[in-house]
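Order of the sequence lines sets the chain letters (A, B, ...), proteins ahead of strands, with each chain counted from 1. As a basis for the values below, the full set of heavy atoms in this structure was taken, side chains included, without hydrogen atoms, waters or symmetry mates. Since we're looking at a predicted model, the values are computed, not measured.
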Amino acid sequence: MRTDMCGQLTSADIGRTVTICGWVDRRREHGEHLAFIDLRDHTGVLQCVVDGSRDLRSEYVVRMTGEVRSRPEGTVNPDLATGDVEVDVNSVEILSQAEPPPFPMDERTGVDETIRLRHRYVDLRKSRMQRNLRTRAVVNSTIRAAMERQGFVEVETPMLIASTPEGARDFVVPSRKEPGSFYALPQSPQLFKQLCMVGGIDRYYQIARCLRDEDLRADRQFEFMQLDAEASFVSQEDVFEFISEAVADVAEAVTGDRPTEFPHITWAESMERFGNDKPDMRFGMELTELTPIFEGTEARVFQAECVKGICLEGGAESLSRNQVDSLVDDAKRWGAKGLAWMRVATGDDGRARLEAGVAKFLSADEGSAVIAALDARPGDMVFLVADARRMVQRVLGMLRLALGRPAVGEGGFKFVWVVDFPLFEGLGDDGKPIPAHHPFTMPHPDDMANFDAGGEALLDVRSQAYDLVLNGWELGSGSVRIHRNDIQSRIFDLLGISEEEAQAKFGFLLDAFRFGAPPHAGFAFGIDRLTALMVGEENIREVIAFPKTQSGADPLTNAPGPLDSAQLEELGLRVLPQAT
RNA sequence: GGUCCCGUAGAUCAGUUUGGAGUGAUCGCCACCCUGUCAAGGUGGAGGCCGCGGGUUCAAAUCCCGUCGGGACCGCCA
């Protein structure tokens, strides 16, 4: 139907007769004898010269035949890849007429996202979405190649599975053959990939769709894609190598630069230095320990378990009083009792000193110690939080991001493995520990004494769980799994899951482990997030062809919608009246 | 469950702070003119429940309450 793509014709093609197909991007009419049509396909735009009598409007789908020729002297367009040439059209076929597009097709105008989604099929024609989806395809194929090169075998797992009440909220599917029973859609293929290990697959991977019925965010959709992987007879370090290799291949394929640094940081260190478990390593402004400085302080606000501070370079000038007040409000919303701030100025003795804010509550020694610890210079602004250690980390961690985080697409790609996550994130009201990862995570071998001790000591037990973080986004997580039923039983016991309950929820996995389970470990990372970061998008909806809005609706298909009564009947369902 | 921001023509936005005569601009659209433009140009024209509902007022796009939709975030996401 066509001989060439619009965006690929150059002066090397001059003299050739070509047939091209595409959408009318823009037209410039000069009367009945001359009109310029910019014809667009996914490769780019090409100027076509036609007589002005043809009615060719925006987004008409056309097929044109003509001779490629060089543009007349002075009419070359250097802004266009095909700007040296044009097609002298002698035949035009309108394949499809089109109504005017629902929004401008130029790349400059920002269009309301609901309207873009309602007419996604038009939005997808734009170069941004073309680039993002094509990059995504490169990400997928690069991952497949990397995993297969490393001996991983793609195994598909079911979408209709049993609901397991742990973790996120399940999407459920009613059973027709067994009314009143339900399937769940998988939150991840976790249990199946472990079964694959028992099944001797040795190295499993899958580019898997995962579904979780939780609130949507810029980096979260109901359904998302993961590289899911699991390997037998491997250590945590082996997993890091497999996954780092795949991710480095992806970055190289997309950007041309191969990342070489995949540093490790412990969870505890990340919490102390960055205030969260997904550190954005593109910038400094680390949380600085100030607790010793305020031991025995007179200042009430700093009499706390923990005092930490961060320093904003130049903040004394760049932040207005209103902005500072608003940061204090933010800190309170994040749970802090308050946010102490001080400007760094030059004192009478020529040295840096703290002023304004809470400076008057600090002794001279405390002030100079704070300045030294934060390496603050005149013109900077320092922020201090005193509270329980977890709260200090949380609030300053969020403040650090609010003040210093580079825009997506800036500061390069900084990967980091976060290791040694705690096995339990706290004790519940009933005194039972709450698992930080999932209940199949192997405890750290060095912490078995605390594990045996139980009680509060459990909170000091590390796990063999790990996250991969890129520029402050959690790409994914994994762990070394428990492959022995005796350890698994003890975990269930600690979590307060009875043997009957465990059998009911995970019986098939426990059964499998009785028949010879190899030691195994695995990982999964989000392909939507990785792709978004690779193309510099701050929202994963931009790398998904047909995403949902924050409320979980699809403006294009109007999902979700009601079922008719016959369908409900067949499924044995009745819809309750809406509470008003 | 909560906090914050947004909603005016097909699109992007002004106007809302401080209520006041007829809601403007740009792009797009329609018609006509135009033989070298490329965000073409010119002339003319159409197009608005100011998201929706209620309230205050002599008077509401503007103030108040509610609601719907969209976005960012907290909680949530083993």
Sugar-phosphate, base or nothing in reach of Arg394(A), heavy atoms under 4.0 Å: sugar-phosphate

ring centroid sep under 5.5 Å plus plane angle under 30, His30(A) with rG36(B): no

Whole-Å C1' distance, rU67(B) and rG28(B): 33 Å

For atom CZ of Phe36(A) and atom P of rU37(B), their distance in whole Å: 7 Å

Side chain Glu214(A) and base rG75(B) donor-acceptor under 3.5 Å: no

Check: rU37(B) base within 3.5 Å donor-acceptor of Gln47(A) side chain: yes

Pair of N/O donor and acceptor under 3.5 Å linking rG75(B) base with Arg217(A) side chain: yes

Sugar-phosphate only, base, or nothing, as touched by Gly110(A) at under 4.0 Å among non-hydrogen atoms: sugar-phosphate

Sugar-phosphate only, base, or nothing, as touched by Pro72(A) at under 4.0 Å among non-hydrogen atoms: base

Side-chain donor or acceptor of Gln187(A) paired with backbone N/O of Ala168(A) under 3.5 Å: yes

Separation between the P atoms of rG55(B) and rG10(B), rounded to whole Å: 28 Å

Selection from rU12(B), rG36(B), rC76(B) that lies nearest to any side-chain heavy atom of Asp215(A): rC76(B)

Sugar-phosphate, base or nothing in reach of Ser551(A), heavy atoms under 4.0 Å: sugar-phosphate

Below 4.0 Å: OP1/OP2 of rG70(B) and any side-chain N or O of Thr549(A): yes

Pairing partner (Watson-Crick or G-U wobble, both distances under 3.5 angstrom) of rG44(B): rC30(B)

Donor/acceptor link under 3.5 angstrom from Arg69(A) side chain onto base of rG36(B): yes

Short side-chain donor-acceptor distance under 3.5 Å, Glu107(A) and Ser127(A): yes

Any donor-acceptor N/O pair under 3.5 Å between rC77(B) base and Arg212(A) side chain: no

Geometric cation-pi criterion Arg400(A) and Phe283(A), 6.0 Å radius, 45° cone: yes

Donor-acceptor pair under 3.5 Å, Arg26(A) side chain vs rA40(B) base: no

Under-4.0 Å side-chain N/O to phosphate OP1/OP2 contact, Arg541(A) with rA72(B): yes

